[in-house]
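The next block holds one structure in the form of structure tokens; read it before the comments.
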Amino acid sequence: MAEFTGMSAATLWGFWAFAMVFVVIPGPDWAYAIAEGLRGKGVMAAVAGLLAGYIALTLVVAGGFEVLVAGNTTFLTGLSLVGAAYLGWLGMGLLRNPPVVEAGAEALRVSRLGQFVRGALVSGLNPKGFLFFVAFVPPWTTAQASLSVAWQIVVLGLIYTASCAVVYSLVGLGAGVALRSRPAATRWVGRVSGGAMLVLAVMLVCSESGLV
């Protein structure tokens, strides 16, 4: 890949290691992957949605959108509040109706398309993910590479997304396998995931309000 992009191997490996720090830190993506994994079906549709959200962010930043929004505090604040509201809505849903792993009507209420769309919204409206692409991806590009800066951002974004694919798939599938025989634990973990989403939503609101 280094030969194809004109970027040094050290840069690509360094970015991958840097990105993995963000990927392995539990957040909204982890909570959503775990919740869908506990449903027992469609976890890969949910993960695909998470990845689609990051691909969309990659294309947005590669298109130069970061130049328009990097200094627009009103836009970033609005994005954070929308993301917090959506996380709060998902979290309340998990607390009220924690997922179950047994096949049945409850597990089938959300279609694969619905799981995909929810995943895309979770990652696409995740302010941490958006700020990662705006603030931390462009500095890894170089004018000396054979590819344009925009295409370098695409390459780096795909490296990040591929890392997410591996980690979130393991998290979602692992949650289902580990807790499939423990319905009570499944509901408990589902509620914990919902609570984590609510805490993250409150933290985002407090951060934008200057309280933390």
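Applying the side-chain contact (heavy atoms from CB on, under 4.5 Å) criterion to Ala45, with sequence neighbours excluded, gives Arg112, Gln115. Shown here are the ring-ring contact (aromatic ring centres under 6.0 Å, His included) partners of Trp13, two or more places apart in sequence or in another chain: Trp16. For Phe15, the ring-ring contact (aromatic ring centres under 6.0 Å, His included) partners at least two apart in sequence or on another chain are Trp140. The side-chain contact (heavy atoms from CB on, under 4.5 Å) test applied to Val171 returns Trp30, Ala33, Ile34, Val167, not counting sequence neighbours. With sequence neighbours left out, Thr11 forms a side chain to side chain donor-acceptor pair (under 3.5 Å) with Ser8. Remark: Leu51 pairs with Val47, Thr161, Cys164, Ala165 by the side-chain contact (heavy atoms from CB on, under 4.5 Å) rule, at least two apart or across chains.
In this structure, the ring of Phe133 has its center less than 6.0 angstrom from the ring center of Tyr160.
Note: Leu156 CG to Thr58 OG1 = 9.0 Å, rounded to the nearest 0.5 Å. Here the OH-OG distance, from Tyr168 to Ser163, works out to 9.5 Å after rounding to the nearest 0.5 Å. Here the straight-line distance linking atom OG of Ser111 with atom CZ of Arg118 works out to 9.5 Å at 0.5 Å rounding.
No path of Ile, Leu, Val, Met, Phe, Trp and Tyr side chains, each step under 4.5 Å between heavy atoms, connects Val166 with Leu12, placing them in separate hydrophobic clusters. Under the 4.5 Å side-chain heavy-atom criterion for grouping Ile, Leu, Val, Met, Phe, Trp and Tyr, Leu50 is connected to Trp89 within one hydrophobic cluster.
Between Leu198 and Leu95 the shortest heavy-atom distance is CD1-CD1, 3.2 Å. Residues Ser123 and Gly49 approach most closely at OG-O, 3.9 Å, considering heavy atoms.
Tyr54 is listed as a side-chain neighbour of Leu57, based on a closest heavy-atom distance under 4.5 Å.
Distance alone, capped at 3.5 Å, places no donor-acceptor pair between the Thr141 side chain and the Val137 backbone.
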